[in-house]
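As structure tokens, the structure follows; a few thoughts come after it.
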Protein chains: 2
Amino acid sequence: MPDDTPVKAPSRIQLRNRRRILDAALDVFAEHGYRGATLDQIAEAAGLSKPNILYYFAGKEEIHVTLLNQLMETWLDPLVEMDAGGEPLDEILAYVQRKLDMARDLPRESRLFANEILQGAPRMAPHLKADLKPLFDEKCHVIQRWIDAGKLAPIDPRHLIFAIWATTQHYADFGAQIRVLLDTDQPAPGADPFLRTLFTNLLAPTVR
Amino acid sequence: MPDDTPVKAPSRIQLRNRRRILDAALDVFAEHGYRGATLDQIAEAAGLSKPNILYYFAGKEEIHVTLLNQLMETWLDPLVEMDAGGEPLDEILAYVQRKLDMARDLPRESRLFANEILQGAPRMAPHLKADLKPLFDEKCHVIQRWIDAGKLAPIDPRHLIFAIWATTQHYADFGAQIRVLLDTDQPAPGADPFLRTLFTNLLAPTVR
DNA sequence: CGTTGGGTTGACCAAATGGTCAAAAGTTTA
DNA sequence: TAAACTTTTGACCATTTGGTCAACCCAACG
């Protein structure tokens with residue numbers, strides 16, 4: 001049973017408006033969470049009328065789900081790139097750096113994700129199980145092999161990854177707090193070398 | 001101008017019901033965020049009628065603010081206890097342990113706080129500036145003095161504190177994700193020794 | 001035992017919000 | 001340019017939600 005539905009290529013307007021809506025929605029969802037966001041807010045931020053938004057998306061939830069799906073790819077990418085064939089410590093430090101860059105470049109995405117997980121991942125749990133979990137398990141194995149080969153200090157790879165996620169995303173998700181404490185609007189100067197040191201000292205298998 | 005308002009001692013019923021409401025509200029706010037929570041949910045969780053709840057609190061916001069205020073004390077406590085006169089590394093590791101215990105024992109409080117900060121701390125920014133900032137600055141100085149005395153490796157105290165907050169609270173705030181990845185309902189076994197190692201290796205001023 | 005005051009609630013309200021729809025305005029195509 | 005389509009919107013709707021209020025319940029006390 002071939003799928004012979006003639007899927008029309010989306011017009012220029014379709015493309016432009018869908019992008020606008022998703023961009024506006026990312027702003028709003030990231031700032032207020034799913035329930036806190038309103039279609040009117042999204043509509044205004046997108047420069048479109050509310051019914052027009054519902055012409056492009058079936059409803060509020062579909063917009064949110066679309067964003068979450070798009071995000072998942074971007075989100076896993078830095079971890080995917082971690083290469084089992086590379087130099088262990090370099091690979092992990094490079095991963096930390098990529099995550100930190102992402103927190104800086106895509107804070108809205110980070111907060112969207114944080115919001116979703118905080119609320120118990122109601123719309124994302126399947127994704128997590130299907131996409132993130134296998135990748136997580138695979139990379140844990142890679143790290144474990146590095147450890148077994150004596151290339152890294154013996155630590156629990158799972159908690160290592162959690163610590164990397166926690167420390168890097170913290171700068172995006174808790175940015176409001178950090179801005180108050182550092183009295184600066186520049187996004188957390190000095191975080192890069194600090195995290196480099198933190199994870200180097202943890203992982204370098206040097207005899208003390 | 002003496003405050004001669006005769007403040008009546010709250011009755012037993014008052015005390016019991018206010019506690020009930022705040023406990024129910026903590027559940028609901030922690031799970032759904034401020035906007036996502038409804039008075040009806042809180043009322044049901046508390047086993048009281050909605051008007052009855054509004055007999056004890058002026059409105060949704062007052063309940064939320066009350067929770068936030070109560071939280072602030074509990075939240076700062078572990079950091080307050082960090083003693084400038086103690087053994088530096090021990091003091092910091094003990095602080096990490098207290099924070100980790102708190103994430104385990106009070107996950108609702110942690111998520112309430114995380115939600116508030118994620119939304120840009122609309123109701124808490126003043127508190128942060130007034131209470132957290134001075135404490136943060138003071139403890140940064142303490143740590144800096146320890147470093148200057150050669151008792152700790154030279155790192156940026158501010159990012160050290162951020163890293164402690166991030167790694168410990170992660171286990172409460174991102175618990176949904178962690179539960180999926182670890183395939184267990186026990187709260188993150190093995191986190192304690194991992195974080196001990198992480199921060200010991202960062203801070204021990206041993207020559208490598 | 002009746003009054004008083006704290007505690008409780010069903011019924012209600014106005015505003016906000018997600019969503020619908022028919023008709024109008026543009027755009028593309030034959 | 002006229003038909004055929006895609007896109008846009010004003011007006012509207014049902015539901016949810018924070019909040020009000022007058023009446024009611026009930027224990028304590030004179």
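Sequence lines set the chain letters: A, B, ... in the order given, protein chains first and strands last, and positions in each chain run from 1.
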Query raised in the report: Quick one: is B/Gln14 getting a side-chain N or O under 4.0 Å of the C/dG6 phosphate, OP1 or OP2?
Result: no
Query raised in the report: At under 4.0 Å, does any side-chain N or O of B/Asn52 touch on OP1 or OP2 of C/dG10?
Result: no
**Report entry** Straight-line distance of B/Arg179 CZ to A/Ile117 CD1, nearest 0.5 Å
**Finding:** 10.5 Å
Query raised in the report: When you measure from the centre of the six-membered ring of B/Tyr34, is the NZ or CZ of B/Lys60 under 6.0 Å away and within 45° of the axis?
Result: yes
Report task. Take atom CG of B/Asn17 and atom C1' of C/dT9, then tell me their distance rounded to the nearest Å. Result -> 14 Å
Report task. With A/Arg158 as the cation and A/Phe136 as the aromatic partner, state whether NZ or CZ is under 6.0 Å from the six-membered ring centre and within 45° of the axis. Result -> no
Report task. Give a yes or no on this: more than 12 heavy atoms of other residues, nucleotides or ligands lie within 6.0 Å of atom CD of A/Glu81. Result -> yes
Query raised in the report: In whole angstroms, how far is the P atom of C/dT17 from the CD1 atom of A/Ile63?
Result: 15 Å
Query - OP1 or OP2 of C/dG7 under 4.0 Å from side-chain N/O of B/Tyr56 - result: no
**Report entry** Atom-pair distance (CZ on A/Arg18; P on D/dT6), nearest Å
**Finding:** 15 Å
Query raised in the report: Is A/Lys133 paired with A/Asp137 through a side-chain N to carboxylate O contact shorter than 4.0 Å?
Result: yes
Query raised in the report: Is a salt bridge present between B/Arg98 and B/Asp77, judged by a nitrogen-to-oxygen distance below 4.0 Å?
Result: no
Query raised in the report: Which of parallel (below 30°), tilted (30 to 60°) and perpendicular (above 60°) describes A/Phe162 and A/Trp165?
Result: tilted
Report task. Evaluate whether atom CZ of A/Arg196 has more than 12 neighbouring non-hydrogen atoms of other residues, nucleotides or ligands under 6.0 angstrom away. Result -> no
Query raised in the report: Are any of B/Tyr55's side-chain N or O atoms less than 4.0 Å away from OP1 or OP2 of C/dT8?
Result: no
Under 3.5 Å, which protein N or O atoms sit close to an N or O of nucleotides 28-30 of chain C? Give each pair with its distance.
none

Query - Base versus backbone protein contacts along nucleotides 11-28 of chain D [heavy-atom cut-off under 4.0 Å; B, S, -] - result: ------SBBBB-------
